[in-house]
Amino acid sequence: MATTSYSQLHRCTPLSLSLPSPCSCPCRPSPSRTLVFTRTSAKLGNLDLFFDGNRRPLGLGRNGILARRRVLTAVARAEPENLGDDNANQEVHKGRKLSLNEDVVSEHQQKASQLKKRIFFGLGIGLSVGVVVLAGGWVFAAAVAAAVFVGAREYFELVRSHGITEGMTPPPRYVSRVCSVICALMPLVTLYRGQIDVSVTSASFFVAMALLLQRGNPRFAQLSSTMFGLFYCGYLPCFWVKLRCGLAAPALNTRIGAAWPILLGGQAHWTVGLVATLVSFSSIIAADTCAFLGGKAFGRTPLTSVSPKKTWEGTIVGLGGCIATSVVLSRIFCWPKSLLSAIAFGFLNFFASVFGDLTESMIKRDAGVKDSGSLIPGHGGILDRVDSYMFTGALAYSFVKTFLPMYGV
């Protein structure tokens with residue numbers, strides 16, 4: 001009784017396989033050997049043990065998958081004429097279908113799990129970013145600085161990856177770390193000083209001198225990749241701080257601001273910078289989502305070889321979603337007042353987001369990796385999530401500051 005509670009034996013019809021003898025001598029007849037698979041399985045807990053006719057174990061696999069595949073694969077590879085039994089052919093067909101079905105089910109389960117992770121963490125990131133944007137001030141600048149630091153570390157790791165280093169010499173590791181810290185300080189300097197042009201120029205000069213005076217043979221590839229890292233990971237994100245915290249003119253026509261609690265800043269809290277940042281962020285999210293769904297449904301024509309999965313059809317759908325979101329939010333926030341300005345703002349956000357996405361895709365393609373990191377489950381690294389925002393802040397700030405009369409109020 002104790003034995004039957006832990007093991008179960010199952011038997012099937014024997015399968016005979018005729019195999020030629022390994023002896024190739026022409027003076028002897030070459031008898032064929034018949035292998036009989038009795039397919040006796042002993043189930044121990046979650047493990048299935050399979051035996052042949054001589055009770056020798058054929059394989060041991062969790063849930064029986066490994067052993068079952070080996071037996072059925074051996075049968076499937078035998079020549080059909082050597083299987084003199086119709087039941088054997090049926091077993092071969094069932095084995096093939098079983099293997100295919102297991103692979104399909106496993107793939108579907110993996111995709112479903114990945115999608116759940118993307119949705120869960122995507123919603124969490126979206127809510128967190130919304131709170132940070134509404135808070136503004138040092139909270140927003142500190143959040144940007146933290147994202148910039150992690151993104152800069154990911155960028156310099158990509159530069160040092162095997163795919164890029166085959167054609168260039170990466171900067172020394174200590175230079176990469178110093179540049180990551182410099183990039184993280186740029187948003188904070190922008191918040192408290194307003195301008196960082198002199199600071200960025202000075203930092204670039206000292207980093208270039210450190211590269212030129214290093215031991216060994218300095219290379220131009222080291223200088224160019226480092227300077228681009230300071231620009232891409234440090235200087236460009238600072239425009240989001242300029243847009244959110246620098247444009248402090250009140251958005252007088254915003255209805256939400258009139259009903260905003262006084263304890264949270266009242267109507268004065270709703271500035272042009274806050275509204276412009278919310279509209280820009282929302283437009284980029286809508287562009288990415290619509291482009292993904294449009295590409296899945298209608299995608300046929302590749303957009304560029306840099307990112308083969310992107311299509312012209314998805315890009316057009318993303319452009320429509322971005323402009324529609326910009327127009328709808330402009331009616332809700334009453335900013336900008338002009339419909340033409342709202343359309344232009346949406347088009348600008350979309351163009352900058354696509355350019356930033358393709359730029360990061362080019363870096364990853366040269367590095368030979370799929371994701372810039374693994375910090376966010378289901379999404380990859382920080383650069384994978386913020387690539388669309390890299391150039392958008394600079395263009396959005398310049399558009400509001402330069403082309404909108406009275407900042408669009």
Side-chain angles (χ1 to χ4, degrees), residues 122-144 187 190-191 194 237 239-291 293 317-353 386 388-389 392-409:
L123 290 175
I125 293 172
L127 292 175
S128 302
V129 170
V131 172
V132 169
V133 171
L134 285 174
W138 67 267
V139 176
F140 183 78
V144 172
T190 302
L191 176 66
F239 282 95
W240 285 113
V241 179
K242 286 187 174 185
L243 180 66
R244 171 61 185 92
C245 306
L247 300 180
L252 300 176
N253 299 316
T254 303
R255 302 187 187 95
I256 298 179
W260 195 251
I262 297 178
L263 293 177
L264 298 179
Q267 188 172 5
H269 182 75
W270 285 83
T271 62
V272 171
L274 172 58
V275 175
T277 304
L278 288 175
V279 173
S280 188
F281 274 34
S282 302
S283 299
I284 295 172
I285 294 173
D288 290 343
T289 304
C290 292
L293 296 177
V317 175
L319 174 62
C322 185
I323 293 177
T325 302
S326 180
V327 171
V328 170
L329 291 180
S330 70
R331 300 301 95 186
I332 294 176
F333 293 122
C334 297
W335 183 96
K337 296 291 293 182
S338 170
L339 177 62
L340 184 61
S341 298
I343 295 175
F345 193 61
F347 180 81
L348 193 69
N349 285 323
F350 178 78
F351 176 78
S353 67
V386 303
S388 300
Y389 299 82
T392 312
L395 293 182
Y397 176 79
S398 301
F399 179 78
V400 176
K401 186 84 171 178
T402 306
F403 295 102
L404 287 185
M406 297 294 295
Y407 298 159
V409 177

Apply side chain to side chain contact (heavy atoms under 4.5 Å, CB included) to Ile256 and Phe333, showing your working. CA-CA 7 Å; Ile256 298 179; Phe333 293 122; 3.5 Å; yes
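Of all heavy-atom pairs between Ala276 and Leu243, the closest is CB-CD1, 4.0 Å. Thr271 approaches Arg244 most closely through the heavy-atom pair OG1-NH1, 3.9 Å. Scanning all heavy atoms of the two residues, the minimum distance from Gly137 to Cys245 falls at N-SG, 3.7 Å. Between Trp138 and Leu191, the shortest heavy-atom distance links the atoms CA-CD2, 3.6 Å. The minimum heavy-atom distance linking Lys242 with Thr190 is given by the pair CG-CG2, 3.7 Å. Pairing each heavy atom of Cys290 with each of Val317, the nearest pair is O-CG1, 3.3 Å.
Judged purely by atom type and a 3.5 angstrom limit, Ser326 has no side-chain atom pairing as donor or acceptor with the backbone of Ile343. Between the Ser338 side chain and the Leu340 main chain, a donor and an acceptor come within less than 3.5 Å of each other. Remark: side-chain polar atoms of Trp240 are paired, donor with acceptor, to backbone N or O of Tyr389 under 3.5 angstrom. In this structure a side-chain-to-backbone donor-acceptor pair under 3.5 Å is missing from Ser341 to Lys337. Checking side-chain atoms of Ser330 against main-chain N and O of Val327 turns up a donor-acceptor pair under 3.5 Å. Without hydrogens or angle criteria, His269 side chain to Pro261 main chain gives no donor-acceptor distance under 3.5 Å.
When side chains are defined from C-beta on, Trp270 counts as touching Val275, because their heavy atoms get closer than 4.5 Å. Cys334 has its side chain within reach of Arg255: a pair of non-hydrogen atoms, C-beta onward, lies under 4.5 Å apart.
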Without placing hydrogens or testing angles, list every side-chain donor-acceptor pair under 3.5 Å for residues 394-403, not counting sequence neighbours.
unit_1, atom_1, unit_2, atom_2, d
Ser398, OG, Ala394, O, 2.9
Lys401, NZ, Tyr407, OH, 3.4
Thr402, OG1, Ser398, O, 3.0

Distance-only criterion, 3.5 Å: show the donor-acceptor pairs between side-chain atoms of residues 278-285 and protein atoms not counting sequence neighbours.
unit_1, atom_1, unit_2, atom_2, d
Ser280, OG, Asn349, OD1, 3.0
Ser282, OG, Leu278, O, 2.8
Ser283, OG, Val279, O, 2.7

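Shown here is Leu264, whose CG atom has more than 12 heavy atoms of other residues, nucleotides or ligands within 6.0 Å.
Atom CZ of Phe351 and atom CG of Leu319 lie 11.5 Å apart (nearest 0.5 Å).
Listed by chain and residue number, Val129, Ile376 satisfy the side chain to side chain contact (heavy atoms under 4.5 Å, CB included) test with Ile125 (two or more places apart in sequence, or in another chain).
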